[in-house]
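Written below as structure tokens is the structure these notes are about.
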Amino acid sequence: MDFNDTPEEALFREEVRTWLNDNAGDYRQPLGMSPGDVRFAELGRDWQKKKAKAGYAAISLPKDMGGMGGTAMQEVIFAEEEGRYHVPVGPFVTIGCQLAVPTIYTHGTPEQIEQFAYKTLMGGLLWCQMFSEPSAGSDLAGLRTKAVRDGDDWVVNGQKVWTSWAHTADWGVLVVRTDADVPKHKGLTYFLLDMKTPGIDVRPIKQISGESEFNEVFLTDVRIPDRYRLGDVNSGWKVVMTTLMNERLNVGGESKGLPSIDELLDVVRSAGDDAAPYHMDVARHVATDLGLKNFRARLLTSVSRGETPSAMSNMGKLVSANMLQDISAIAGDILGMDCAFSAENNELAKKFQYGYIWASALRIAGGTDEILRNQIAERVLGLPGDIRVDKDIAFAQLPAGK
């Protein structure tokens, strides 16, 4: 494991730092600005456009695809340095640039690539990801939203849930069932969906934080032209895995909008003897944080060598999400009522309050703790997989909940 950049990587990092120092200040996201606020999405569009004009919109994509023609490690370096600024780089931008565009380049037609890729990278299109359903979250292949062919169109009916930023999205990536008479993984098809299509009803979900980043999306007789199908009919699972692999290979920087171990130590030092009961827990998390930094260095070393991280990369997300919740809870206990009721007047208390609430979502979004533990057990440790009794049974024959 090498903790140092190569000379080429160090030169690129310095270039990025200089550019961010000169340009990121005007795009700092105000802490607490709700993602439901239209200004939030517009700030994200503008920041993406700014990066694109400087060549940083899609660093590892080839130049003829609108990228810089750089390396995956340069992509990681930029994300690390960008994470030092609280700029609007949430899913409302990254779903398009890091998930939709690479998937379209992999499985799309030349016409689809021409229509969507450059405009998305330039911030002209925001995307959402319509995968999860009320009865198909961790078991994504169990989804029930269906599409029926009608001439040159597909007619879609069903419901999606936990759809991040659907209320600001121009387009969405959508996976639906097109054949229920084959095993569940084999009857899925992947589409690109214009979110202004008649029959789409987006309903924001009110979160405990007061924000509404997630949505329910109801689709009633929504017509999608076949030209917006991505990949072959009933081969959508292959396309889905392309999207999910891009999602899970994101090993970039951390947002300064979330609390850190150093800030927890500031709280502990300020509290003096009142924080004594928490010293052992804090020491444990300091050690965990150091371990996490070294683990990320191992992943970055792998990326720098041109390797693709395995399911082991899931360990970083699993540990960091749980640690965020724990350190925020400790800070809340020490700060007491200041954190619970007076956070608006205390920026640090406000940050830990937000960190605790957001960690609950983070432990579900992008793969639940349980799913990640299964993947690590099976794919990293080589332990026996779960028994999957429905693997070879037609979806229509599977029992449904009542």
Side-chain angles (χ1 to χ4, degrees), residues 91 94-109 112-113 116-117 120 127-147 149 154 156-166 169 171-193 195 214 217 219 222 224 226-250 308-311 313-314 317 364-368 370-372 374-375 378-379 385-386 388 390-395 398:
T94 57
I95 287 173
C97 296
Q98 296 179 15
L99 305 186
V101 168
T103 304
I104 291 170
Y105 271 124
T106 302
H107 300 280
T109 64
Q112 290 169 340
I113 293 171
F116 295 110
T120 298
W127 292 73
C128 64
Q129 178 181 327
M130 289 181 284
F131 284 9
S132 297
E133 298 183 6
S135 59
S138 298
D139 180 20
L140 177 58
L143 61 86
R144 295 181 177 275
T145 296
K146 67 178 182 178
R149 186 73 180 257
W154 293 82
V156 181
N157 284 278
Q159 178 189 356
K160 298 294 180 177
V161 74
W162 306 119
T163 309
S164 299
W165 282 275
W171 283 78
V173 291
L174 171 72
V175 60
V176 298
R177 187 161 303 282
T178 45
D179 189 348
D181 295 323
V182 294
K184 60 184 182 181
H185 290 84
K186 297 181 179 179
L188 304 176
T189 303
Y190 197 111
F191 291 95
L192 309 175
L193 175 61
M195 293 301 290
F214 307 110
V217 181
L219 303 118
V222 173
I224 305 177
D226 186 60
R227 67 179 182 276
Y228 291 135
R229 171 172 47 84
L230 200 60
D232 295 332
V233 175
N234 295 334
S235 296
W237 188 251
K238 179 181 179 180
V239 188
V240 166
M241 291 309 297
T242 299
T243 303
L244 293 181
M245 284 304 297
N246 278 288
E247 181 179 43
R248 290 167 182 171
L249 288 179
N250 181 9
T308 299
S310 67
S313 61
N314 291 334
K317 190 257 187 187
I364 298 172
T368 65
E370 292 77 15
I371 289 295
L372 297 185
N374 273 355
Q375 292 180 348
E378 294 176 17
R379 302 178 191 178
D386 285 346
R388 296 173 172 88
D390 60 356
K391 184 176 180 181
D392 298 316
I393 301 175
F395 183 78
L398 297 178

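Position 1 is the first residue of the sequence, and the numbers go up from there.
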Do [X] and [Y] come close enough that some side-chain heavy atom pair is under 4.5 Å?
X: V239; Y: T103; answer: yes
X: F214; Y: T163; answer: no
X: D386; Y: E378; answer: yes
X: N374; Y: R379; answer: no
X: Q112; Y: L230; answer: yes
X: N234; Y: L188; answer: no
X: L244; Y: Q129; answer: yes
X: W165; Y: W127; answer: no

Any idea which heavy atoms bring [X] and [Y] closest together, and the distance?
X: K160; Y: V175; answer: NZ-O, 2.8 Å
X: C128; Y: S164; answer: CB-O, 3.5 Å
X: G96; Y: T120; answer: C-CG2, 3.6 Å
X: G142; Y: A136; answer: C-CB, 3.6 Å
X: K184; Y: F395; answer: CB-CD1, 3.6 Å
X: M195; Y: G172; answer: CG-N, 4.0 Å

State which residues pass ring pair (Phe, Tyr, Trp, His ring centres under 6.0 Å) with H107; sequence neighbours excluded, sorted by chain then number.
->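 Listed in chain order: nothing, the list is empty.
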
What's the separation between atom [atom1] in [X] and atom [atom2] in [Y], rounded to the nearest 0.5 Å?
X: L219; Y: I224; atom1: CG; atom2: CD1; answer: 7.5 Å
X: S135; Y: Q159; atom1: OG; atom2: CD; answer: 9.0 Å
X: L143; Y: L174; atom1: CG; atom2: CG; answer: 9.0 Å
X: L193; Y: Y228; atom1: CG; atom2: OH; answer: 10.5 Å
X: T242; Y: L99; atom1: OG1; atom2: CG; answer: 11.0 Å
X: M241; Y: T106; atom1: CE; atom2: OG1; answer: 13.0 Å

Side chains of T243 and Y190: is there a donor and an acceptor less than 3.5 Å apart?
->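 There is such a pair (donor and acceptor under 3.5 Å, judged by atom type) between the side chains of T243 and Y190.
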
After noting the C-alpha distance and the side-chain angles of V240 and L140, does the key distance pass the side-chain contact (heavy atoms from CB on, under 4.5 Å) rule?
-> CA-CA 10 Å; V240 166; L140 177 58; 3.7 Å; yes

Taking it one step at a time, do T189 and R229 satisfy side-chain contact (heavy atoms from CB on, under 4.5 Å)?
-> CA-CA 8 Å; T189 303; R229 171 172 47 84; 3.7 Å; yes

Stepwise side-chain contact (heavy atoms from CB on, under 4.5 Å) check, W154 with V222 = CA-CA 8 Å; W154 293 82; V222 173; over 6 Å; no

Taking it one step at a time, do E133 and R144 satisfy side-chain contact (heavy atoms from CB on, under 4.5 Å)?
-> CA-CA 8 Å; E133 298 183 6; R144 295 181 177 275; 4.0 Å; yes

